[in-house]
Amino acid sequence: MTDRTMIRVGGLALVGGALAFMAVFAYLAANFNYPEVLDGTADTVLPALVATGSGGRLAWAIYSFLPLIWLPAAAGAYQALGQHRRGAMQLAVLFAAAAALAMMLGLMRWPTIHWALGQSFVNAEPAQRATMTALFDGLNTYLGNYLGEFLGELSFNMFFLLTSTTWLASSQQPRWVGWLGLLTATAGFLGMFRNITALVAPIAAVNNYLLPLFMIVFGGALFRIGGRLTRA
């Protein structure tokens with residue numbers, strides 16, 4: 001694959017990933033009260049999860065693999081911007097890979113372990129339910145809050161920060177793309193602490209819109225860079 005093709009693939013991955021993210025998010029919001037359901041207890045969440053049926057499980061499976069878009073996105077961004085700040089962009093690639101792994105591990109608990117727990121929960125004895133509840137809560141804390149949300153979001157926000165500062169340093173046009181990336185990364189860093197303090201909850205809510213917006217904008221910008229290389 002040529003450099004220009006990799007850049008364009010990276011741009012398409014960001015745009016397609018953002019659109020897929022919004023589609024899956026909307027489906028889960030309508031059928032599973034997502035993301036409010038994340039604050040629910042096992043006795044309400046697990047039966048509701050299973051009640052979504054095969055469609056709901058498929059949606060979670062698709063959601064689980066969407067973080068893979070960070071890999072081609074990072075490769076494309078590196079090819080487009082690496083010559084300007086090679087060290088920063090190499091670090092950006094590593095953070096993108098960490099984000100993909102952490103977010104996948106966090107999301108995959110829903111169509112796998114949580115799904116199995118939900119199927120068994122309804123007919124389980126009280127003592128078994130207590131054990132399942134403890135497992136459910138533990139998985140949500142470790143795989144959900146710590147890995148998927150905190151580490152995953154820390155990593156892709158670092159990717160945004162590094163690529164945006166490199167964009168501005170490289171004199172790429174338009175410059176507002178870099179500033180939008182810095183705004184998105186800053187809001188993301190603050191929103192990461194929503195599970196610790198409610199003070200940043202409004203910022204996290206705004207970032208839910210900034211994130212796909214910047215992915216589409218940055219993806220389109222990368223695709224345009226790849227197009228210029230093609231014509232050159």
Side-chain angles (χ1 to χ4, degrees), residues 14 17-46 48-49 60 63-64 66-67 69-70 73 88 91-92 94-96 98-110 114 133-168 176-218:
L14 281 169
L19 296 176
F21 164 80
M22 290 188 289
V24 174
F25 193 99
Y27 178 88
L28 292 174
N31 294 277
F32 192 50
N33 194 32
Y34 181 80
E36 288 78 8
V37 71
L38 298 179
D39 296 323
T41 57
D43 60 329
T44 58
V45 175
L46 291 177
L49 174 65
W60 277 112
Y63 204 2
S64 300
L66 283 182
I69 64 100
W70 296 119
L91 191 58
L94 294 177
F95 273 115
L101 179 61
M103 296 178 72
M104 284 179 65
L105 288 175
L107 291 168
M108 281 182 174
R109 75 189 189 278
W110 288 100
H114 279 0
T133 297
L135 179 58
F136 174 81
D137 292 340
L139 289 171
N140 283 343
T141 301
Y142 178 60
L143 292 178
N145 298 143
Y146 278 83
L147 277 182
E149 294 180 7
F150 198 86
L151 179 58
E153 293 176 23
L154 171 68
S155 297
F156 73 66
N157 283 313
M158 281 300 301
F159 170 71
F160 287 166
L161 176 66
L162 291 165
T163 53
S164 296
T165 54
T166 302
W167 180 278
L168 293 172
W176 62 264
V177 172
W179 290 115
L180 179 61
L182 291 180
L183 175 63
T184 304
T186 301
F189 286 134
L190 294 173
M192 283 164 31
F193 296 93
R194 63 190 176 276
N195 292 319
I196 298 176
T197 172
L199 293 176
V200 300
I203 299 176
V206 171
N207 194 54
N208 285 335
Y209 297 95
L210 277 177
L211 171 60
L213 172 63
F214 179 64
M215 289 173 66
I216 292 172
V217 168
F218 187 46

Can you name the nearest heavy-atom pair linking [X] to [Y], along with the distance?
X	Y	answer
Leu107	Pro67	CD1-CG, 4.1 Å
Thr184	Asn157	O-OD1, 3.8 Å
Gly191	Ile203	N-CG2, 4.4 Å
Ala99	Gly152	CB-O, 3.7 Å

Rounded to the nearest 0.5 Å, what separation is found between the [atom1] atom of [X] and the [atom2] atom of [Y]?
X	Y	atom1	atom2	answer
Leu105	Leu143	CG	CG	6.5 Å
Thr41	Asp137	OG1	CG	8.5 Å
Leu19	Leu14	CG	CG	11.0 Å
Trp110	Leu28	CH2	CG	9.5 Å
Ser164	Leu180	OG	CG	7.5 Å
Leu162	Leu91	CG	CG	5.0 Å

Do [X] and [Y] come within less than 4.5 Å of each other through their side chains, counting heavy atoms only?
X	Y	value
Leu151	Tyr146	no
Leu147	Leu101	no
Met103	Trp70	yes
Asn140	Arg109	yes
His114	Trp60	no
Trp176	Val217	yes
Phe95	Leu161	no
Phe193	Leu199	no

In short, salt bridge (Lys or Arg N to Asp or Glu O under 4.0 Å) pairs touching residues 149-158 with sequence neighbours left out are Glu149-Arg194, Glu153-Arg194
Residues Val45, Phe136; criterion side chain to side chain contact (heavy atoms under 4.5 Å, CB included); working and verdict: CA-CA 10 Å; Val45 175; Phe136 174 81; 3.8 Å; yes
With a cut-off of 3.5 Å and sequence neighbours excluded, list every side-chain donor-acceptor pair involving residues 29-38.
| unit_1 | atom_1 | unit_2 | atom_2 | d |
| --- | --- | --- | --- | --- |
| Asn31 | ND2 | Tyr27 | O | 2.8 |
| Tyr34 | OH | Tyr63 | OH | 3.3 |

### Message
Taking side-chain contact (heavy atoms from CB on, under 4.5 Å) as the criterion, tell me which of Phe156, Phe160, Phe21 meets it with Met215.
### Response
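So the option named by the test is Phe160.
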Applied to residues 199-215, the side chain to side chain donor-acceptor pair (under 3.5 Å) test, sequence neighbours excluded, yields none
